[in-house]
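What follows is one structure encoded as structure tokens, with my remarks underneath.
Side-chain atoms are counted along with the backbone in the values below, which use heavy atoms only and exclude waters and symmetry mates.
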Protein chains: 2
Amino acid sequence: MSPTPPPSDLHDHLGYWLRMVSNAVSQDFAREIEGQGVTVAEWVFLRALHDADCLAPSLLAERMGMTKGAISKLADRLSEKKLVQRAPNPEDGRGQMLSLTPAGRALVPELARIADGNDAAFFDTLAPAERDHLGALLRKIARAHELTRAPVD
Amino acid sequence: MSPTPPPSDLHDHLGYWLRMVSNAVSQDFAREIEGQGVTVAEWVFLRALHDADCLAPSLLAERMGMTKGAISKLADRLSEKKLVQRAPNPEDGRGQMLSLTPAGRALVPELARIADGNDAAFFDTLAPAERDHLGALLRKIARAHELTRAPVD
DNA sequence: GACATATAGTTGACAAGGAAACTTCCGGGA
DNA sequence: TCCCGGAAGTTTCCTTGTCAACTATATGTC
């Protein structure tokens, strides 16, 4: 028997493969939407706003799993790009309401198509049943660990 | 027919679930090894060095999927922590040879055990067959896209 | 009504990685 | 031998996130 067994290999962990594939997907996607002048975090931000019509930064922070500070700066950038606008919350002097500008609203479907294409391209090496299975497994894990935040990075 | 179909939902993408689960695993792991004074990138660095005995920074950059600059700074930090040492490469005046210090070598099995525990804890909600299947699917995707770099972030 | 406490958002300091310029060294031609 | 192109590392600047301190507003308690 060896005095100290060799440490487990990186490749033995599911987390390793998960990170590898996940990073590749995200990096591919980031590169594609870079052409639209937008980052992945900005895409998630815009997409959330598209559904909500108008959202408080604190809620967005909660949903995106980022700090208030990060959201504040993200909003600055998107506002600079004329994709998002801030308005005071009439019911609470501290709060504000974020919403998409027309340009921002117009951009979302464009980005969504890119996201669709990226996802399809990346997972087309799997058969449809395998894709379904992969999705089911991931959702099962997410549910078990009560993951709810939209992942950003 | 609607004039503009609604943009696809984030949740429709496999990449979304992949990122969500992957980020959760990594963040959990990062929090656990923080107690050992080490980051995830540093763990990957140390683990690679453990197998290689001595490695050039450029090779490490290749394997970790990071830039030379990042590796240079990572080596600085680990050297500061007395876990890694630099030596000049006798055969090439430009190169150097990175290796683990005794402290670094002693730390790797400790970190490996934490990694094992983290992985087990995270995926124990899946049945063994499901875990195998998940791993197989991820490796299939990695192979199809020729992913070889150890993911870091 | 006044004050203590909590909450919304902003800001500044810091961390860590990428891109590119830079330094040093190698090795191949003329 | 003397260049000159390329490779190895380092350094600088930029980006983008966290954390914690700060400002302003709201709310509950006496």
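- In this structure, CG of B:Leu60 is placed 15 Å from C1' of C:dG17, rounded to the nearest angstrom.
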### Task
May I have the step-by-step check of side chain to side chain contact (heavy atoms under 4.5 Å, CB included) for A:Thr67 and A:Lys73, ending in yes or no?
CA-CA 10 Å; A:Thr67 63; A:Lys73 293 167 195 171; over 6 Å; no
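- Exactly one residue among A:Pro57, A:Ser58, A:Cys54 makes a side chain to side chain contact (heavy atoms under 4.5 Å, CB included) with A:Gln96. That residue is A:Pro57.
- The distance between atom CG of A:Asn89 and atom C1' of C:dG9, rounded to the nearest whole Å, is 12 Å.
- Distance, B:Glu80 CD to C:dA16 C1': 16 Å, rounded to whole Å.
- Other residues, nucleotides and ligands place no more than 12 heavy atoms under 6.0 Å from the CD atom of A:Glu34.
- Using a 4.0 Å cut-off, no side-chain N or O of B:Thr67 falls inside it from OP1 or OP2 of C:dG17.
- Between the P atom of C:dA15 and the CD atom of B:Glu34 lies a distance of 13 Å, rounded to the nearest Å.
- Atom CG in A:Leu74 sits about 19 Å away from atom P in C:dA8, given to the nearest Å.
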### Message
Output one letter per nucleotide in nucleotides 4-14 of chain D: B when a protein non-hydrogen atom lies under 4.0 Å from the base, S when only the sugar-phosphate is that close, - when neither is.
### Response
--BBSBBBBB-
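- Using a 4.0 Å cut-off between charged nitrogen and carboxylate oxygen, A:Asp28 and A:Arg31 count as a salt-bridge pair.
- A:His11 and A:Tyr16 have tilted rings, their planes meeting at an angle from 30° to 60° on a 0 to 90° scale.
- With rounding to whole Å, A:Met64 atom CE is found 15 Å from D:dT18 atom C1'.
- Distance, B:Trp43 CH2 to C:dA16 C1': 20 Å, rounded to whole Å.
- Rounded to whole Å, the distance from CG on A:Leu78 to C1' on D:dT16 is 13 Å.
- OP1 or OP2 of D:dT18 has not a single side-chain nitrogen or oxygen of B:Arg31 nearer than 4.0 Å.
- Checking side-chain atoms of A:Arg47 against main-chain N and O of B:Ser8 turns up a donor-acceptor pair under 3.5 Å.
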